[in-house]
Structures are given as C-alpha cells and as structure tokens.
2 protein chains.
Amino acid sequence: MPEKSEKNGRLNVIASLRKLISEGVYAPGERLKELHVAERLQVSRMPVRLAFRTLEQEGLLQKTGTRGYVVRQFSEEDVLCAVEVRGALEGLAARRLAEKGVTEEVDAQLRDCLSRGEALLDKGHLIKADIEIWATLNQEFHRAIVGATGSRVIHDAIARNDHLPFASADSIVIDDAALDREYGKLRMAHAQHQLVFQALSRGEGARAEMLMREHAYIGLRYGTLFGLGEVGHATDAK
Amino acid sequence: MPEKSEKNGRLNVIASLRKLISEGVYAPGERLKELHVAERLQVSRMPVRLAFRTLEQEGLLQKTGTRGYVVRQFSEEDVLCAVEVRGALEGLAARRLAEKGVTEEVDAQLRDCLSRGEALLDKGHLIKADIEIWATLNQEFHRAIVGATGSRVIHDAIARNDHLPFASADSIVIDDAALDREYGKLRMAHAQHQLVFQALSRGEGARAEMLMREHAYIGLRYGTLFGLGEVGHATDAK
DNA sequence: AACCTTTACTTTGGATCCAAAGAACAATAA
DNA sequence: TTATTGTTCTTTGGATCCAAAGTAAAGGTT
C-alpha cells in the first residue's frame with residue numbers, strides 16, 4: 001500500500017494509481033474497475049472516480065465505449081509521436097524565447113545548468129547517483145526555457161504530453177551495464193544543450209527551434225526510453 | 001437552465017459548465033464554488049467536482065493555490081501561443097502523413113473537402129449558412145490529416161489544445177459586416193489547403209509542415225478569433 | 001438444439017452526509 | 001489603536017447510500 005502524504009495523512013490517489021499503472025500492476029489493455037482500485041488503495045470509490053477522470057485526460061486511461069476505463073497501451077509509434085510532439089513544442093518554446101530575447105535571470109539559470117553539467121562530465125565516468133543529478137539538471141534546463149516563454153499555454157501542452165508513462169524521467173533504467181551508454185548520452189545531451197543555449201543567446205530563433213527538435217530524439221537514440229532500441233525518424237523524402 | 005440529454009435525461013455537466021464559461025456567465029478570474037455551480041445547474045456537488053477536474057485538465061479552470069478553482073483568463077499572448085501550438089502539432093501531423101504516404105481513402109477525403117470548398121467559393125459571396133458549411137468542411141480536412149497519422153498521441157495533443165475557448169469554432173462572429181472579410185479568409189484558407197494537399201500528395205514532408213504552420217495563423221490574420229485585430233508573429237531575427 | 005426473453009447481478013453515476021482544512025471575524029491584550 | 005489569538009463559518013474532500021444502465025446467465029419456447 002502506497003505511503004500517505006506527510007502533512008495531512010491523505011493518500012494521493014492520482015499519483016498512486018499512476019504509479020501502479022507504470023509499474024505494470026495494472027497492465028495495458030486491462031479493464032479498471034472503480035471498486036477494485038478503491039479496495040486496493042484503501043479509499044472509497046469517490047477519489048478513484050476523480051482520479052480516473054484526470055488520468056483519462058492525461059492519456060493514461062481510455063474510456064471504453066460502453067462502460068469503464070481500460071489502461072491505454074502505447075505502440076512504438078506512439079512513443080515516437082510523443083517524442084516528436086515534445087520536440088515540436090519545446091522547439092516552439094525555444095524559438096519564441098530566442099526571438100523575445102533571453103533575460104539576465106534566464107541567462108544565469110541556463111549558464112548554471114550548463115556549468116553543473118560540465119562538472120558532471122569532467123569526472124570522466126558516471127555513478128548511479130549522477131543520473132539523478134543529471135535528471136534534475138536536465139529538467140531545470142528545459143523548464144527554464146519553457147517557463148521563459150511567458151505563456152502557460154505552451155508549458156501546459158508540454159506538461160500534458162509528459163504525463164505519458166514513457167516520457168517521464170522515472171523510466172530511466174539504472175543498471176551498471178547501462179552506465180557507459182548513459183555517459184555517452186549525457187555528453188551528447190550536454191553538447192546539444194550548449195548549442196541550444198548559443199542559439200538562444202544570439203537570438204537565432206529558427207536555429208534554436210531546429211536544435212531543440214533534434215534534441216528531443218536523444219532518449220530514443222540512446223534507448224533509455226521504454227527499453228526500446230534505436231528508433232529512426234524519417235527525414236523529408238521527396 | 002441547459003437542456004438535458006435526449007436519451008437518458010441526464011445533464012452533461014461538463015459541456016454545460018464549459019458553455020457557461022465561454023458565454024461569460026462565469027467571468028475570467030472569477031472564483032468558482034462547487035455549491036454555486038451545482039445549484040445553477042440543478043445537480044448535486046458531485047458531478048460538478050468531476051467537471052472541475054476535467055475542465056482543469058483542459059485548461060479552462062485553474063486551481064488556486066489554497067482552495068477552489070478560478071476561471072482562467074487568457075492574454076493575447078496566450079491566444080498567439082495556442083495558435084502556434086496548433087500550427088506546430090498539425091505541422092507535425094502533416095509532415096508525418098507526407099512521409100508515410102497518403103492512402104487512397106485519405107486522398108479521397110481530402111479531395112472531397114477541396115471540391116466542396118471550391119463549390120462554396122464559386123458562388124462569389126457568402127451567406128451566413130455558408131460559414132457553418134465551411135466550418136464543417138475545414139474541420140473534416142484537418143481531422144482527416146491528423147487522423148491519418150495513425151497515432152492518437154498527436155491527435156490528443158491537438159484536441160486538448162483546442163479545448164481552449166478561443167480555439168473553438170463556436171467563437172466565429174456571424175454578423176453581416178464580417179461576411180466580406182470572411183469570404184476573403186475563406187479564399188485564403190482554401191488556397192492554403194490546396195497547397196498542403198499538394199505537398200502531402202507529393203510526399204514533401206518539410207513543405208507540408210511549413211505550409212500547415214503558416215495556415216494556423218489564418219484565424220489571427222483575419223481577426224475572427226476572440227475579436228482580436230491583426231496579430232503578427234515575429235520572424236527569425238538574427 | 002438454437003434462439004429469444006426474462007431475471008438477477010455487476011458496475012457505474014448521482015445524491016447526501018460527515019469530517020477537516022481555510023478564511024473571516026471578533027475579542028482581548030499590549 | 002493595532003496586532004494576535006481564538007472562535008465561528010464557509011467550502012472542499014471523502015464515505016456511504018441509492019438508482020439506473022448494462023451484462024450475463026438461466027429458463028422457456030419454437
């Protein structure tokens with residue numbers, strides 16, 4: 001049974017259910033019954049119903065035509081699409097930011113992220129804990145860019161897309177064998193961050209957008225999402 | 001009081017509340033209380049709570065830090081962002097479709113939309129009823145493209161963005177003075193549709209994407225969204 | 001034996017009740 | 001008079017109960 005919130009002793013049903021699904025306790029395609037989940041989480045049916053609504057909007061659950069919800073299943077194509085959506089939206093954010101101009105504050109934030117990333121790379125190798133650090137760093141970098149666009153509309157669109165299970169940072173595999181690969185990915189990601197920052201600073205909107213879109217594929221390229229192997233994206237074929 | 005569903009006599013609380021908000025009965029920034037809305041709609045608090053959840057996810061409502069929900073208000077920049085998000089996502093869909101290749105069925109659907117649009121234009125002027133026809137036509141055209149991408153991920157991302165009040169087709173103003181302007185817009189939109197179709201047919205992904213992104217701005221250019229005037233979008237400034 | 005009908009059960013949606021957390025207001029002390 | 005604390009009231013979140021719709025199963029009829 002999941003732990004309850006510290007401050008008010010209440011259980012976050014949405015988070016718990018999301019976790020159960022991403023852990024595979026409720027498998028993709030499986031029918032989800034209110035009562036069953038309610039008993040599983042030791043709450044009444046009401047919060048579960050609320051949670052179903054939210055999780056449906058997030059795309060994790062799907063309403064069956066007749067009755068009830070099923071756990072949505074994602075194909076490899078869905079994963080690719082989600083990555084491309086992320087790229088398109090973050091690319092948009094980057095372009096807007098470049099055109100608008102980077103403020104002192106955002107500039108400092110981004111520089112800080114980059115220098116901390118630099119420090120991580122300088123060690124020459126990774127330990128498990130570093131992956132957490134990088135995840136935070138990475139998140140900060142992206143969040144700073146999206147946040148600086150001013151409007152919540154783009155931010156929300158990205159956030160909703162990120163609710164999909166494979167897009168979250170949780171799914172990163174942390175076994176020793178993957179550390180080398182992860183180090184390579186991190187170097188690449190860092191280099192891409194540097195380029196994005198450069199484009200942003202120079203006010204090169206189109207370039208910033210293009211770089212950000214390419215950067216979105218990094219999870220797929222290095223296979224840390226969903227345990228998928230290399231997944232290509234078709235280029236413009238005339 | 002809103003009308004109830006024909007088949008089961010139940011009230012669609014979400015739709016009703018959405019309508020109330022878009023009609024301005026609940027103004028942007030206004031605090032929304034469960035009990036108040038429940039009495040207004042003649043239902044108990046429970047369905048209202050469900051609706052709040054959904055409408056929050058859609059972006060229409062915003063959770064206040066402390067308690068309750070307020071009707072979200074959108075700035076002109078938000079409108080621009082929503083348009084650009086739509087452009088980015090539909091552009092993505094168009095690129096994917098072009099690269100994947102247009103099937104017989106989709107080709108027929110798109111051609112049908114275009115020829116019906118052609119017929120509408122040939123009349124040389126519009127009457128009010130034509131605007132409805134065009135709206136349906138336009139929706140079909142876009143839906144065909146997005147639907148043909150195969151994955152629901154992109155479709156859902158677009159659908160969520162379209163929940164924003166100003167992005168919906170309902171907000172089109174239909175007074176006589178606007179008909180001329182609307183005719184001009186329709187000609188432009190039709191021309192853009194033709195170009196997109198051409199690019200799709202030829203498998204020119206990058207071009208299809210670019211055209212679709214430009215097409216997204218048409219509502220702003222012709223000021224039929226939210227009654228706003230011309231709103232420019234900055235181009236890549238070095 | 002197959003198909004239709006009726007009945008019982010499962011499951012969801014809505015209403016009401018209860019508890020707890022915030023907010024507003026008042027009273028008291030500095 | 002102002003600030004702080006205690007009390008009351010508003011409002012939300014959760015639990016339980018009830019009704020309705022859909023599904024499955026059983027029994028009867030052709």
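Residue numbering restarts at 1 for every chain, and letters A, B, ... go by the order of the sequence lines. Remember, it's a predicted structure, so these values are computed and weren't measured experimentally.
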About how many Å separate OG of B:Ser151 and CG of A:Leu80, when rounded to the nearest 0.5 Å?
-> 8.5 Å
Double-helix bend of the helix from C:dA1-D:dT30 to C:dA30-D:dT1, axes at both ends from 5 pairs, round to 10°, gives 0°
Each nucleotide N or O in nucleotides 8-11 of chain D that has a protein N or O under 3.5 Å away: list the pair and distance.
{"residue": "D:dT11", "atom": "OP1", "partner": "B:Lys33", "partner atom": "NZ", "Å": "3.1"}
{"residue": "D:dT11", "atom": "O4'", "partner": "B:Arg67", "partner atom": "NH1", "Å": "3.1"}
{"residue": "D:dT11", "atom": "O2", "partner": "B:Arg67", "partner atom": "NH1", "Å": "3.3"}

Of residues 57-64 of chain B, the positions that come close to DNA chain D - non-hydrogen atoms, cut-off under 4.0 Å = none
Could I get the full list of side chain to side chain donor-acceptor pair (under 3.5 Å) partners for B:Thr149, not counting sequence neighbours?
-> none
Would you kindly give the CG-to-C1' distance between B:Asn12 and C:dG14, to the nearest whole Å?
-> 14 Å
For A:Glu39 and D:dT16, give me the distance from atom CD to atom C1', rounded to whole Å.
-> 14 Å
Residues two or more places apart in sequence or in another chain: which of them pass side chain to side chain donor-acceptor pair (under 3.5 Å) with A:Gln73?
-> none
Set of residues satisfying ring pair (Phe, Tyr, Trp, His ring centres under 6.0 Å) with respect to A:His155, sequence neighbours excluded | none
For A:Glu30, all residues meeting salt bridge (Lys or Arg N to Asp or Glu O under 4.0 Å), sequence neighbours excluded | none
If every non-hydrogen atom of B:Cys81 is compared with every non-hydrogen atom of A:Val153, which pair is closest and at what distance?
-> CB-CB, 4.0 Å
Taking only residues two or more places apart in sequence, or in another chain, which ones meet A:Tyr26 in a ring pair (Phe, Tyr, Trp, His ring centres under 6.0 Å)?
-> A:His36
Mapping A:Met46 and A:Phe52 onto DNA chain C by nearest heavy atom, which one lands closer to the 5' end?
-> A:Phe52
Residue pairs, two or more places apart or on separate chains, that pass salt bridge (charged side-chain N to carboxylate O under 4.0 Å, His left out) and touch residues 48-65 of chain B | B:Arg18-B:Glu58, B:Glu34-B:Arg49
Does any pair with a residue in residues 136-160 of chain B pass salt bridge (charged side-chain N to carboxylate O under 4.0 Å, His left out), and if so which ones, sequence neighbours excluded?
-> A:Arg72-B:Asp156, B:Arg116-B:Glu140, B:Arg152-B:Asp156
Taking only residues two or more places apart in sequence, or in another chain, which ones meet A:Phe197 in a ring pair (Phe, Tyr, Trp, His ring centres under 6.0 Å)?
-> none
To the side chain of A:Arg49, which of C:dG13, D:dG14, C:dT16 is closest?
-> C:dG13
Listed by chain and number, what are the side chain to side chain donor-acceptor pair (under 3.5 Å) partners of B:Asn138, not counting sequence neighbours?
-> B:His142, B:His193
Closest-nucleotide ordering on DNA chain D, the 5'-leading residue of A:Arg45 and B:Leu32 | B:Leu32
